[in-house]
*Asks:* 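Sharing a structure here in structure tokens format.
Convention: sequence-line order gives letters A, B, ...; per-chain numbering from 1.
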There are 2 protein chains.
Amino acid sequence: MIDNEKLLNSGAVLKKYKRGEQLFEEGTIARYYYQVHAGEIKMNNYNEEGKEYIQGIFVKEKSFGEPPLFSDFKYPANAEAIIDSEVWQLSKEKFLKLLEENPKIHYKFTSTLASRLYYKAIMVSEISTQEPEHRILRILDYFKKNNDPQITSSKTYKVELTRQQLADLTGLRVETVIRSIKKLEQKGELLIKNRKVYR
Amino acid sequence: MIDNEKLLNSGAVLKKYKRGEQLFEEGTIARYYYQVHAGEIKMNNYNEEGKEYIQGIFVKEKSFGEPPLFSDFKYPANAEAIIDSEVWQLSKEKFLKLLEENPKIHYKFTSTLASRLYYKAIMVSEISTQEPEHRILRILDYFKKNNDPQITSSKTYKVELTRQQLADLTGLRVETVIRSIKKLEQKGELLIKNRKVYR
DNA sequence: ATGGATTTATGATCAAGATCATAAAGCTAG
DNA sequence: CTAGCTTTATGATCTTGATCATAAATCCAT
């Protein structure tokens, strides 16, 4: 989102997180802007029984957790490193100042929020009205488009998500995902080559 | 969001819609900025079997359907008048020009998108991991806070939503909502006075 | 006022996906 | 190399919310 030079000049620092480490917790106040430099960060919720829902997975260059900086509310979810990661951290004040001084960057964030809203609108509607197979295809297509935007729709994309992650992204259980994926393979909607899913 | 005077000066026109009439359809390109002047507009999706999911309900002063104006994608849902309504309509170009010339208004929209993202993050997590009663309370509390922000949390708020609307907002069926509401009343979480719900 | 539409209500039954149990295959840190 | 995680896999059973059927109460337009 923001390039490294600008981040450094604005006073951002690069923080390291070990796999499984938490960056911030649901319900706390947002003080920083975060942007992934290396690794993978997920935002998630746990219900009382420990069932997880993954709000999003963020990779290199992607920012996350900004919405509470723009409006007055607490984090709606946790942030946690999926693998060892490095993340830019910039204070709320400096971040907002940077936006004020750079209308184009500001607009870029507005546009990013809009895209994320689009993704959420689709997922919430999918989860509330669609069947497992339908939901899974949606997520796969979303990741395909997002992680490899220039891919031709005909070419196969290797899904770098575990069955469990697919479950936590779609609100299903891992067994249901495993069984649905098999059915989808039989229907020719995707490919499984030694346990990896291709779409 | 934007005051009437500014809307008029920017070239907005006031359009009337009858109850049930559609303003735009899922999958089409966004050409206008919309803001409710009077009445009530909902954005929704229908699945193949006709089951509805309500993305949001927008009342006086609220804007809706802006996200696709900021980023390059089609409408993720339909917009439909719940009751007879009047809606400001402003072309995309004029809207974006207005934002460019008024950084404060631009920031206000960024902030609005952030809030909406917060709501969606909560709902998608609720729907994917929580039980009917929990989901319903969330929606009720959201509407309470949103439609009557200065209300003290102790005072009761009259819910102006039908059981069917509650179902379509939470991804449940109307019978489940009716039964859950009754249980919630028994537990003292809400009140039912001649069929109206108070929270 | 009244007849049709909408909303709320309730009981019976069903089915999809969750849950539980178990295991094999694959990966990884020491 | 190997012990212990992690991930994938599969069958059996259960449970919750969906579905189906029916009806009463309320609203509303003419």
Side-chain angles (χ1 to χ4, degrees), chain A residues 18-20 40 42 47-54 80-84 126-137 139-140 158-186 190-198, chain B residues 18-20 40 42 47-54 80-84 126-137 139-140 158-186 190-198:
Chain A
K18 287 254 159 245
R19 143 179 226 213
E40 244 173 276
K42 68 177 169 185
N47 77 353
E48 300 73 42
E49 287 94 46
K51 189 183 175 198
E52 182 176 0
Y53 176 74
I54 299 180
E80 187 185 315
I82 298 181
I83 52 177
D84 294 359
E126 282 283 321
I127 290 177
S128 81
T129 67
Q130 301 290 2
E131 330 223 291
E133 295 179 27
H134 200 279
R135 297 193 212 175
I136 291 170
L137 284 183
I139 276 286
L140 296 184
K158 184 180 184 184
V159 180
E160 298 286 10
L161 293 165
T162 66
R163 311 290 195 267
Q164 184 63 58
Q165 286 175 331
L166 282 171
D168 295 339
L169 283 160
T170 51
L172 299 166
R173 309 311 305 224
V174 67
E175 297 93 330
T176 305
V177 169
I178 289 170
R179 294 186 244 251
S180 301
I181 283 182
K182 300 236 151 138
K183 273 196 204 152
L184 286 168
E185 193 195 19
Q186 283 163 23
L190 49 78
L191 241 97
I192 306 178
K193 245 189 291 180
N194 59 324
R195 305 171 138 222
K196 279 285 160 207
V197 177
Y198 295 80
Chain B
K18 286 257 161 243
R19 144 179 228 216
E40 244 173 279
K42 69 177 169 185
N47 75 356
E48 299 73 44
E49 287 93 48
K51 188 182 177 201
E52 182 176 0
Y53 175 74
I54 299 180
E80 187 184 316
I82 297 180
I83 53 177
D84 292 0
E126 282 284 321
I127 290 177
S128 81
T129 68
Q130 300 290 3
E131 332 222 290
E133 295 179 27
H134 200 281
R135 297 193 213 175
I136 291 171
L137 285 183
I139 275 286
L140 297 184
K158 184 179 185 185
V159 180
E160 299 286 11
L161 294 166
T162 66
R163 310 290 194 267
Q164 185 62 59
Q165 286 174 332
L166 283 171
D168 295 339
L169 283 160
T170 51
L172 299 167
R173 311 308 311 220
V174 68
E175 298 94 330
T176 305
V177 168
I178 289 169
R179 293 185 245 251
S180 300
I181 282 180
K182 300 236 150 136
K183 273 196 203 151
L184 285 168
E185 192 195 20
Q186 282 163 23
L190 48 78
L191 242 96
I192 306 178
K193 246 190 291 182
N194 60 326
R195 306 174 136 220
K196 279 284 160 210
V197 177
Y198 295 80

*Asks:* Nearest-nucleotide wise, let me know which of Asn194(A) and Glu131(A) is further upstream toward the 5' end of DNA chain C.
*Replies:* Glu131(A)
*Asks:* Do other residues, nucleotides or ligands put more than 12 heavy atoms under 6.0 Å from the NZ atom of Lys196(B)?
*Replies:* yes
*Asks:* Starting at NE2 of His134(A), measure out to CG of Leu184(A) and round the result to the nearest 0.5 Å.
*Replies:* 11.0 Å
*Asks:* Tell me, please, the opening and closing nucleotides of DNA chain D, 5' to 3', among those with an atom under 4.0 angstrom from a non-hydrogen atom of chain B.
*Replies:* dG17(D) to dT26(D)
*Asks:* In whole angstroms, how far is the C1' atom of dT7(C) from the CG atom of Asp168(B)?
*Replies:* 13 Å
*Asks:* I need the NZ-C1' distance between Lys182(B) and dT8(C), as an integer number of Å.
*Replies:* 7 Å
*Asks:* Considering the terminal five base pairs at each end of the helix from dA1(C)-dT30(D) to dG30(C)-dC1(D), what angle separates the two local helix axes, rounded to 10°?
*Replies:* 60°
*Asks:* What is the separation between atom CD on Gln164(B) and atom C1' on dT6(C), rounded to the nearest whole Å?
*Replies:* 11 Å
*Asks:* Measure the distance from CD on Glu160(A) to C1' on dC27(C) and round it to the nearest whole Å.
*Replies:* 15 Å
*Asks:* Atom NZ of Lys183(B) and atom CG of Leu190(B): how far apart are they, to the nearest 0.5 Å?
*Replies:* 13.0 Å
*Asks:* Does dT7(C) have OP1 or OP2 under 4.0 Å away from a side-chain N or O of Arg163(B)?
*Replies:* no
*Asks:* Expressed in angstrom and rounded to an integer, what is the separation of Ile83(A) atom CD1 from dC27(C) atom P?
*Replies:* 17 Å
*Asks:* Ion pair present between Asp84(A) and Lys18(A), side-chain N to carboxylate O less than 4.0 angstrom?
*Replies:* yes
*Asks:* Under 4.0 Å, heavy atom to any atom of DNA chain C: which of residues 169-180 of chain A qualify?
*Replies:* Gly171(A), Leu172(A), Arg173(A), Glu175(A), Thr176(A), Arg179(A)
*Asks:* With Glu52(B), which of Lys42(B), Gln164(B), Gln165(B) fulfils side chain to side chain donor-acceptor pair (under 3.5 Å)?
*Replies:* Lys42(B)
*Asks:* First locate atom CZ of Arg135(B), then atom OG of Ser128(A), and finally report the distance between them rounded to the nearest 0.5 Å.
*Replies:* 8.5 Å
*Asks:* Which heavy atom of Gly20(B) sits nearest to which heavy atom of Glu80(B), and what is that distance?
*Replies:* O-CG, 3.6 Å
*Asks:* If you round to the nearest 0.5 Å, how far is CD of Glu48(B) from OG1 of Thr129(A)?
*Replies:* 7.5 Å
*Asks:* Enter the distance from Arg179(B):CZ to Leu172(B):CG here, rounded to the nearest 0.5 Å.
*Replies:* 12.0 Å
*Asks:* Quick one: pull up CG in Leu161(A) and CG in Leu166(A) and give me the separation to the nearest 0.5 Å.
*Replies:* 5.0 Å
*Asks:* If I compare all heavy atoms of Ser180(B) with all of Ile136(B), which pair ends up nearest, and what's the gap?
*Replies:* CB-CD1, 3.5 Å
